[in-house]
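What follows is a single structure, written as C-alpha cells, with notes after it.
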Amino acid sequence: MKDIGESKDQQLTVALRIRPVSDAEQEEGATIAAHRLDEQMVILMDPLEDPDDILRANRSREKTYMFDVAFDYLASQAEVYRATTKGLIEGLISGYNATVFAYGPTGCGKTYTMLGTDKEPGIYVRTLNDLFRAIEETSDDMLYSVSMSYLEIYNEMIRDLLNPSSGFLDLREDSKGVIQVAGITEVSTINAQEIMELLVKGNKQRTQEPTAANRTSSRSHAVLQVAVRQQSRCRDVLQEVRFARLFMIDLAGSERAAQTQNRGQRLKEGAHINRSLLALGNCINALSDKNGAKYVNYRDSKLTRLLKVWYRIPHVAPARSGSVKKNLVNVSYHIAQYTNIISDLRCEVQRLKKKIADQSSRQLTSERADIRHVQAEVQAHSSQQSRAETDQLREQLLDAFRQQMVIRRSLLELENSSMEIQIDTSKHLLTIADWEQEQSKHRRKWQAERKKESLKKDESEKDSDSPESPPDSNESQEVRLAREALVTLTAEQKKLQRQKVLLERRFLELRDQARRLEELLHRRGSSDEQREVLGLLCKVHELEMENTEMQSHALLRDSVIRQKNLVVQRFEQHRHLCDEIIQQQRQFMDDHRLLVPPRLQELYDVYMRELDERKLERAVALDKVTSRQTVQDGSLPKISLHGHGRDNVQEVDSDQESVRNASSDNRRAQIKARRHTLPPILPEDNNRVFKNSPHARQMRNRTVVTPPPIHINGKGSREVSHSVSSHLDSSPESSEAGADVLLSRTGEIRPSNIVVKAARRRSKALEVEALRLAPPPSPLDPKKQKSTLSLTEAPRRGLPVRRPELRHATSDDNLSSSTGEGPNLQATWTRPHQRQVTTKNQTPRENDFETRRKKRRSRSFEVTGQALPQSKTAAAQRFRPLDSTSDPHLHINRQAPVHRHQYRAVPPIPKVRAPLVSQPTGDVSDLQVCPPPTLIPDLCLPPLCTGFHADSSTAHLNKRGSHLRQPQPLLYINNTGNSSQRARRH
Ligand SMILES: Nc1ncnc2c1ncn2[C@@H]1O[C@H](COP(=O)(O)OP(=O)(O)OP(=O)(O)O)[C@@H](O)[C@H]1O
C-alpha cells in the first residue's frame, strides 16, 4: 500500500472496494462505517465511538485513507476490473509478470471480486478473456502458448484444485532458483468459457467452511496461475522467448478470533491464515520500503515462498531497481533444434518463395498481357511500316520495269532509224560505186585506145604528146548528192550509235536494279502468296518485254517479206517482159520466115517444153497452197488490228494484231494482277515504240510501208479477188482499204517451201537493187504491154502454149549473144532491139557504155544457159569462156557464189520504207502483176537474176548489168565505213 502522493510509476496499485451491506448485517442494525469520499479517499468511522463519553467527546475518531482507487458498493465488477487488472494484460503479453490478489477480512467480498458469479464474472474471467483477445490480435507475428493452473494453500499445504486427488503438492526450487509446484496440473487453453468452467469446478474443490462472519468463508488462499509463453514466428538461431506469469490470488480472510469465535480446526485454520498473511504483509512492506530493506523474508509461509519468485523479479521490487524488467530469455538451442530451425526456415523460405512466385506470376501475367499488348502494337506498327516499305519497293520495281520498257522501245526506234540510215547509206554507196566503176572502165577504154593509137604513131611523138591519164569526168549531180548524203548519214549513224550505247548502259543498270529489288521484295515477302504474286509480277514484266521484242521482230520480218515480195514482183514483171519478147520475136521470125540458128532453136524448144510441162504453173500453185497453209498455221504471232468492230475484217494488219495481242496480254496481266494485291504493270503506251518518230507513226498507222499499188488492167488490187496478184499487192492503199494482204498475214514464208526459198534468194539479192530500181521501161509499147500482159486476157496472136504465168526470164541481148549466127540474122533480131532501147538523150559515150554492158550481160546469160541441164555440155563447148574468172561472183552457174553474193548483198534488216518503184513513171505501174516468184526445181536456174538486167534502156539497168562481171558493190553495203574504198579497190 502506498500513499496517494507517490509516483505514478509505482508498481503496486492498491484499490479499495466497499461492498454493500448484506441483509444479515442490516438485520443486525449495522451501520456503514466506511464511506468513499471520492475516487481515492475513504473515511472510516470509529465503530466504538460513544457519544455519551464526555472525556472522548469532540475527539475525532474517523480515519481517512487514500488509495489508488476506491470503489463503493455501487461499483460494478467491470469497473473494478478495468481500474485494477485490465492494464496488466498488455504487460503480460510483453513479458512482464504481474500479481493481483484480494486482501481483506473474511466476508468482505474478496471471492466475489476475484471469481464473481456467472452473471457477474470477476477479475479471473475478465482478465483471461482480454488476454486471449490480445494474443489473437498479435498471433500473426508472435507464437503464443498459454497454460493455467489453479491451486490452494490451506494450512500451509498446497493442493491442486484442478486435480484434487493428487494430494498435497510440494514447493521445489530448481537450479535457477525458480520455485515450482511439483506435479501441478497445467491446462493449455485459449477459451475463456472453458477457463471459467475449470475455475468454477476448481473453486468448488476449495475449502470453504461457514463461520460466524461468513457462511461461505474461504479457509485457504486460492492461487490462479496463468503462464504466457511467446516467441516470434521468425525463427532464428538466437530465438527470443518471452515468458510471463500472472497470479490472481483470492486470499483467505484475516480474521479475529474473538470476532469469528472459531474454535478447534477453525481456529487452527485462522492461525495459519493470519500467519501467512502476516508473512505476505511483511514481504510487501519490505519490498515497498523506500529505504530499501536488505532482506525480505519469504520463508515464513508457503504463500510468500510461492510469491517469492515473482517478487524476486526486480520490477516487482521497486525499492530496489525502481523499474520493471521484462522476462527475456535467450534460449540456446542444441544441434537438433538447429536442424528443426533450419527445416522451419526452409519451409518458411519455400512459403515465401511460393508467395513471391504467386505474386510474380500474377504480376508477370499482367506484365505479359501488357507486353503482348505492346508487342501487338509494335508489331502492328512494324507491320504497317514494313507494308509501306514493301509498297515503296514494289513501286520502285514497277518504275524500273517501266523505264526498261521505255528504253527498250527507244532502242527499237534507234535500231529502226539505224536500219533506215544503213539502207540509205547503201543506196548512196551503190550510186558512188557504180559511178566509180564506170570511171574505171572509161579509163581502161581510154588507155586501150591510147595504146592502139600509139602503135600507129611514132613512139617519140606518142611519148611527147599523149597524156599520162585520161581526164576525169565530172561527177554527176546524183553522185555529189550521194557523197553529201553519205557524210550526213554517217554522222547520224554515229550519233545513233552513241545514243544506243547510252541507252543500253542505262537499260543494264535498270535491269540490275530491278533484279536487286526483286530479290529484296522476295526476301521481304511474308508469305508464299506474296512471293507468288511478286513472281507473277516479274513474269508479266518479262512477258511484256518479250512481247515488245516480238512486235519488233514481227514488224521487221513483215517488212522483209514485203520487200522481198516487191522484188519478186519486179522480177516477175521483168520476166513477163522477157516472155513477151521471146514470143514476139518468135512471131516476128515466123512472120518473116527468118532462119533460126540451131542453138537458138534448141533453147526455144527447151523454153516451150517447160511451158508445156507446166512445171512452173504447178510450182505457183504449190506456193499458193503453202502460203495459205502458213496463214492457217499461224507460224508467226497473229497480228490484227487493234480496236473494236474489226472482227469482221478478214484482212488484218499483222502489226496491229501484235499490238492488239500485246494489249490483250496486258489486260490479262491486269486481270491476273487484280486477283492479287499487287497492281499490274501498266505500260504507258503499248505502241510507244512507234510513237515518236515519223517512221514510227508511219509504222503505227500502217506498220509497214508497202510498195505502191500495182494495178491490174488499171484496177485496184481489191478487184482482183482471189488471184495470185493478191499475194503481191500489199500496197498501202489496198491494205488500208481492207484488201487481202496475204503475205502480211502469213508474215513469213515457210523455209520448207523450196519455191519460196528460191524466191527469197533471188529477192535478197535484188531487194536493195529493187529499192533503187527505176520503173523498167519496156522496149515495147507500154500500152501494148499492158494489154498483152494482162492476166485476164488470153494470149495474143494465138500462141499455142503461151502461158503468161510461166514466161521465162530472158532478153533480146541474151538471145542475140547466144545464137552465134551470122551477122545478118543476128543483126536482124538482136541489134534493132538494142537500138530501140537507146534513148535519144544518151551521148555516144553512154551508148557505147551501154553496148558493152549489154554484151557482158549477154555473156552472163550464156552462163545461165549453161545451167540448163539439157544443154550443159554443148554450151560448154560452144560458148566461149568468161572474160574474167578472177571474181568468184562471176561463176553464175554455180549457186554458191551467187548465194554468198546474195547474203552479203542483203542488209541484215531491210529498210521499212516506200520503195523507189513508186516513181510516177506511169508505165511501170501499169504493168501486169505476174504470178508469185517461183522456180522450177528441175531447172534450178539461179542465174535467173540475169534476166532482170535484160532491159538496157535505162541507166539503172545499165548499172546493174555490170555487176555480173564486175565485183559487186552490193557486197559491201553492210560495211558502210569501208564500202566506198573497197568498191574503188575492186
Ligand atoms: N460487492 C458485493 N455485492 C454484493 N454482494 C457482495 C459483494 N461483496 C460480497 N458480497 C457478498 O458477501 C458475502 C461474503 O462475500 P465473500 O465470500 O466474497 O467474502 P470473503 O471475503 O471471500 O470471505 P472469506 O474470506 O471468508 O472467504 C457473499 O455472500 C457475497 O455474495
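Keep in mind that what you see is a predicted model, and the values were worked out from it rather than measured. Order of listing sets the numbers, starting from 1, for every ligand and every atom in it. One is the number of the first residue; the rest follow in order along the sequence.
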Listed partners of Arg275 passing salt bridge (charged side-chain N to carboxylate O under 4.0 Å, His left out), at least two apart: none

Per-residue contact class, Pro105 against ligand 1 - non-hydrogen pairs under 4.0 Å: backbone

Polar atom proximity, Leu251 to ligand 1 (N or O, under 3.5 Å): no

Side-chain donor/acceptor of Asp250 to backbone N/O of Ala222, under 3.5 Å: no

contact_flag Gly104 ligand 1 heavy-atom lt 4.0 Å: no

Any donor-acceptor N/O pair, Arg126 side chain to Arg82 backbone, under 3.5 Å: no

Any donor-acceptor N/O pair, Gln77 side chain to Glu120 backbone, under 3.5 Å: yes

N or O pair under 3.5 Å between Cys108 and ligand 1: yes

Distance-only donor-acceptor check, side chains Tyr150 and Asp160, under 3.5 Å: no

Under 3.5 Å: N/O of Asp250 near N/O of ligand 1: no

For Asn282, side-chain hydrogen bond (donor to acceptor under 3.5 Å, both in side chains) partners two or more places apart: none

Polar atom proximity, Thr111 to ligand 1 (N or O, under 3.5 Å): yes

Close approach of Pro20 to ligand 1, heavy atoms, under 4.0 angstrom: yes

